[in-house]
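A short write-up of the structure that comes next.
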Amino acid sequence: MNRQELADLIFPNAREISYYEEKYPERNLPEGAVVTRFAPSPTGFVHIGALEQCIVETSLVKKSNGVLILRIEDTDQKRKVENGVQGIIDSMKDFDIIFDEGMVSETESRGDYGPYIQSQRREIYEAYAKYLLANDRAYPCFATEEELAALRKRQEEAGVNNIGYYGEWAMYRDFPIEEAAKRIQNGDSYVIRFKAMGKEDGKITHKDMVKGKVELPQNILDVVIIKGDGLPTYHFAHAVDDHLMHTTHVIRSSEWFPSVPLHLELFHALEFKAPKYCHYAPMLKSEPKTDENGNVMTDEHGDSLLLKRKISKRKDPEAAVSYYHQEGIPAESVKEYLMTIANSDFEMWRRNNEDADLYDFPFALKKMSTTEGALFDMDKLIDVSKNVIATFSAKKVYEDVCVWAERYDAVLADMLRQKDYSLRVLGIERGAEIKKKRKDIGKWSDVRDYISYMYDDQFVGADMEYEYQLISDRETLEQIFTLYPDQYYHPEDDSQQWFERIKDLAEQLGYAREVKIWRKAKDEWPGHVGDVSTAIRVGLTGRRNTPDLYQIMQVMGPERVRERLRLALEQL
């Protein structure tokens, strides 16, 4: 029996690989077009790092008129979750990541290079595994779990540098073909292993699109390519899929970088052209370092020692992209922040291109971090989000907040049912004509507290404690809350007239009508016009700090303004 006959015995129904080479021809795309894929496993929530990858991929594809594929790697059937594919699609759609090709629902796909679910591509993998078997680059391995455990123990006792199944340790690598055929015919369990040609001291030179030119050890491991259940491992499946789908760039975390020698050898053995690999450093998180008793460790200055680690699905709620929807952080904000992590010069570009689309940024793979990943900083994300939300129109803020509140905040959702009034509330200090935009909202979960004082049922129903500032004596406050609505409040005034009248009130009360006058002679005045307007602000809103007071009063309207000041007077 020869190797071809053994291959025919193992895969009797497999087609010739020429069939698939013809079925999946080269793509008709512009020169330089990037074809890449997002290839998650349907095993749970989508990780924030995966979203970063998709933003990078989308940027490259858009700029080159390429193709972004959603391919599902479900060869680990034990970890698969119900509706896992739809969950991936929905999570990415929430961030406006739309795939050109691949899965569009749990069961449907679009494109000419499918199936796009690996478990449905079994016959394809069998054809290429058969090709490797026939060409002495793969072999059946009958090693049991007990045999593999014993092998590992012998290697550890011998102190070998490389623990694994290879070379002299690969007990079935040179197993006689006839003997292998007999065991297969007897129904013995086996896997298919790749026959590596690397040497323990051998090196390869590889150019990574992010890391640059690097030297790596040759692959020596005879890895499993077809498991006992007939499905491929990731290593083998990705090589076959990327070849047939004509992937030009594989963009992934540096965790996969040590696999490059194996993957390149697989492509070479299959006589495929390898894609361009792009390995970037994963996001990290810092946390206090603790000893074995859980106590925080400090340095000689008493400062906490910090430990950097990857963002964990198990430990960190912010690892899941769904977390940002729950918190109400807009998708636009999350994507802007992730782009600052992906390319450090994005922030400067954004400052100079405030209204440009995110994907207009000249993203460059070579500018991605190669060694230590950026620290995920929630405070920085919220700052970015404040800048993003500040550019939104009142209509967009209202619509987005309504969607969020209907799911996560029933009280806010009820408040926002006063649509016209709410649009005016959210429009305060917002709009294209506003030069200096207010940046108080970082996430939709902030909104209820941010605007609650504008709604009577939230304001009057609260246990109001007016925290006045410089003007806090009862007599002066009584004068302000009596004189202002009776003599100085004219709802039809423009902002300049409105402020002039508050200056008049300040002067009547003995306060400086201009702050600059007060600064020149502070001892001559009990305060200035700003202190008077602050008292009015607190009386109307219960807060010292709010957006523009004139705009607030215009939105509240005369009836509400007078009632609020009456209530403040009553509470003195």
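These numbers were taken from a predicted model, which means no experiment stands behind them.
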Residue set satisfying ring pair (Phe, Tyr, Trp, His ring centres under 6.0 Å) with F257, at least two apart, ordered chain then number -> H279
Looking at [Y] and [X], is there a salt bridge between them, counting it only when a charged N and a carboxylate O are closer than 4.0 Å?
| X | Y | result |
| --- | --- | --- |
| E318 | K285 | yes |
| K213 | D208 | no |
| E57 | K62 | no |
| R110 | D100 | no |
| R183 | D188 | yes |
| E406 | R417 | yes |
| K130 | E123 | no |
| K386 | D440 | no |
| E336 | R350 | yes |
| R137 | E271 | no |

Looking at [X] and [Y], would you say the former's side chain and the latter's main chain have a donor-acceptor pair under 3.5 Å?
| X | Y | answer |
| --- | --- | --- |
| R3 | D136 | no |
| S312 | R314 | yes |
| E347 | T340 | no |
| T391 | V388 | yes |
| K443 | G328 | no |

If the test is side-chain contact (heavy atoms from CB on, under 4.5 Å), which one of L412, I451, L416, V401 qualifies with S422? L416
Between K195 and D222, does a salt bridge (charged side-chain N to carboxylate O under 4.0 Å, His left out) hold up when you go through it step by step? CA-CA 5 Å; K195 184 178 283 189; D222 288 3; over 6 Å; no
F95 vs H325, ring pair (Phe, Tyr, Trp, His ring centres under 6.0 Å): CA-CA, chis, key distance, verdict: CA-CA 10 Å; F95 290 91; H325 291 296; 4.8 Å; yes
Establish, yes or no, whether the cationic atom of [X] lies under 6.0 Å from the six-membered ring centre of [Y] and within 45° of the ring axis.
| X | Y | value |
| --- | --- | --- |
| R122 | Y125 | no |
| R193 | Y165 | yes |
| R27 | Y113 | yes |

Quick check on K310: does its NZ atom have over 12 non-hydrogen neighbours (other residues, nucleotides or ligands) under 6.0 Å away? no
Check whether any side-chain heavy atom of L60 lies under 4.5 Å from a side-chain heavy atom of F363, and answer yes or no. yes
So W444 and F392, would you call those rings parallel, tilted or perpendicular, with 30° and 60° as cut-offs?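 W444 vs F392 ring planes: tilted.
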Applying the salt bridge (charged side-chain N to carboxylate O under 4.0 Å, His left out) criterion to D242, which one of K276, K273, R37 satisfies it?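 Looking at K276, K273, R37, the match for D242 under the salt bridge (charged side-chain N to carboxylate O under 4.0 Å, His left out) is R37.
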